[in-house]
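Within every chain, numbering begins at 1; the chains are lettered A, B, ... in the order of the sequence lines, protein sequences first and strands thereafter. Note that the coordinates shown come from a computational prediction; the quantities given were computed from them, not determined experimentally.
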Amino acid sequence: MPELPEVETILRGLKPQVVGRRIRSVRVGDQKVLQLTKSDFRDRMRHEIIRKLSRRGKFLIFELDVYYLIFHFGMTGQLTFRDPNRKDSQNFIRHSVTGLQRAVQHAPDQHTHVQIQLDKGTALFYRDIRKFGKIFLIEKQRDLLTGFFERLGLEPFTADYNVGSFLKGLRHSKRSIKSLLLDQSFVAGIGNIYADEALFEAYIHPIRGVQSLRRSEKIALFEAILRVLERGIKYGGTSMRDYVNSDGEKGSNQDNLRVYGRQGDVCYRCQTVIQKMVVSQRGTHFCSSCQLC
DNA sequence: AACCTTCCCTGATGGC
DNA sequence: TGCCATCAGGGAAGGT
């Protein structure tokens, strides 16, 4: 489930590979992942050059000449780069369909919904098993990007994300803190995994009402969010199931998780058994001993 | 307006 | 072995 650190990892992997490349052709399988028709998508993307890559929350943004091409990976979206000419005998195998590629990469299959052919036989493949992901194409003119992201909240690792703006975002909420953390209009990029991890780091129980949090707890949470996201990026993202980076490789941050997916195991801090409950329709993992109610 | 519930989708898993 | 139910969940849409 690509959250901020996973999208950031994909971005960093793709950037040196695709910037400056021209889109030669586009193939679309299931149109459901597109927010426009198959033919519009194909025709508009063709001959465009990829100028820049960036990220906002969980969205990956390709700046082309006329359009922004924007990906949201939903639960199981994967965006991988293929270069059949790439020489790297150490880690690559030769695949009959896709050429040289990482051994773990998927060849295009029934879940590969979009193939974007670039220069020199290279390509971007979008694969998405559950099809919760979405691909957008919006015009660059008239500052449509700002409107597209108008409902997104604070962007971690930018000046927007500071103690003042964070406390302000917490001021009027009557929800549980877990529920608010999942809301992209508060802080952009946090999903279920990093929400649970941040709450653990900050010693806060997920069902706590926002208004019950002391100032010191809010600040601890502010910092914990940065810490868990930073660690996620450092370890190439969390691969619980389907997440892979732009080379088709899994990340390793799942080995660093303190609570997510650890129900039944003991807390690293206090040896209490980690619990799992449902909050805001999401599996929520926590230590009932050191995350106080 | 704010908050909550339902729905979309497929593969993995467990019970029988 | 096969079959069915359950679960995973981001976010839009609908409901309260």
Discussion item. Using a heavy-atom cut-off of 4.0 Å across all strands, would you classify A/Gly283 as base, sugar-phosphate, or nothing?
Written reply: sugar-phosphate
Discussion item. Once you measure the plane-to-plane angle for A/Phe59 and A/Phe136, does it fall in the parallel (<30°), tilted (30-60°) or perpendicular (>60°) bin?
Written reply: tilted
Discussion item. Taking the nucleotide of DNA chain B with the nearest heavy atom to each, does A/Phe132 or A/Arg241 sit closer to the 5' end?
Written reply: A/Phe132
Item to complete: Please list, by residue number, the residues of residues 181-198 of chain A whose heavy atoms come closer than 4.0 Å to an atom of DNA chain C; answer none if no residue qualifies.
Response: A/Gln184, A/Asn192
Practice prompt. Indicate, with a heavy-atom threshold strictly under 4.0 Å, whether A/Arg175 touches base, sugar-phosphate, or nothing.
Written response: sugar-phosphate
Worksheet item: In chain order, what residues pass the side chain to side chain contact (heavy atoms under 4.5 Å, CB included) check against A/Thr158, with sequence neighbours excluded?
Response: A/Glu155, A/Asp160
Donor-acceptor contacts under 3.5 Å from residues 67-74 of chain A side chains, at least two apart:
{"unit_1": "A/His72", "atom_1": "ND1", "unit_2": "A/Gly74", "atom_2": "N", "d": "3.0"}

Item to complete: By nearest nucleotide on DNA chain C, pick out whichever of A/Lys276 and A/Arg151 is the more 5' one.
Response: A/Lys276
Practice prompt. Would you indicate what A/Lys134 reaches in the nucleic acid, counting non-hydrogen atoms under 4.0 angstrom: base, sugar-phosphate, or nothing?
Written response: nothing
Practice prompt. Run the salt-bridge test on A/Asp196 and A/Lys178 with the 4.0 Å N-O cut-off and return the result as yes or no.
Written response: yes
Worksheet item: Mind checking what makes side chain to side chain contact (heavy atoms under 4.5 Å, CB included) contact with A/Asp65, not counting sequence neighbours?
Response: A/Glu48, A/Ile49, A/Arg51
Worksheet entry | Stacked cation flag A/Arg56 on A/Phe148, 6.0 angstrom / 45 deg | no
Fill in: Inter- and intrachain pairs under salt bridge (charged side-chain N to carboxylate O under 4.0 Å, His left out), touching residues 212-221 of chain A, at least two apart
A/Arg208-A/Glu217, A/Arg214-A/Glu217
Worksheet item: First and last nucleotide of DNA chain C touching chain A, 5' to 3', heavy-atom cut-off 4.0 Å?
Response: C/dA8 to C/dG11
Discussion item. Any base atoms under 4.0 Å from A/Met1, or only sugar-phosphate, or nothing? Heavy atoms, all strands.
Written reply: sugar-phosphate
Worksheet item: In degrees rounded to 10°, what angle is found between the helical axes fit to the five outermost pairs at each end of the helix from B/dA2-C/dT16 to B/dC16-C/dG2?
Response: 50°
Response to the item:
chain A reaches DNA chain B, atoms under 4.0 Å from its heavy atoms, from B/dC3 to B/dG11
Discussion item. Nearest heavy atom decides the nucleotide; on that basis, is A/Gln110 or A/Leu180 closer to the 5' end of DNA chain B?
Written reply: A/Leu180
Worksheet entry | Residues forming a side chain to side chain contact (heavy atoms under 4.5 Å, CB included) with A/Lys276, sequence neighbours excluded | A/Gln263, A/His285
Practice prompt. Please collect all salt bridge (charged side-chain N to carboxylate O under 4.0 Å, His left out) contacts where either partner lies in residues 25-35 of chain A, sequence neighbours excluded, each pair once.
Written response: A/Asp30-A/Lys131
Fill in: Any donor-acceptor N or O pair under 3.5 Å, side chains A/Glu3, A/Tyr243
no
Discussion item. Between A/Glu230 and A/Lys234, does any NZ, NE, NH1 or NH2 come within less than 4.0 Å of an OD or OE carboxylate oxygen?
Written reply: no
Worksheet item: Taking only residues at least two apart or on different chains, which pairs with a member in residues 33-57 of chain A satisfy ring-ring contact (aromatic ring centres under 6.0 Å, His included)?
Response: none
Practice prompt. Can you establish whether the number of heavy atoms outside A/Arg46 located under 6.0 Å from its atom CZ is more than 12?
Written response: no
Item to complete: Just jot down the side chain to side chain contact (heavy atoms under 4.5 Å, CB included) partners of A/Lys52, sequence neighbours excluded, or say none.
Response: A/Glu63
Item to complete: Describe the nucleic acid contact of A/Phe59 in one word from base, sugar-phosphate, nothing, applying a heavy-atom distance below 4.0 Å.
Response: nothing
Worksheet item: Base, sugar-phosphate, or nothing for A/Ser173, non-hydrogen atoms under 4.0 angstrom?
Response: sugar-phosphate
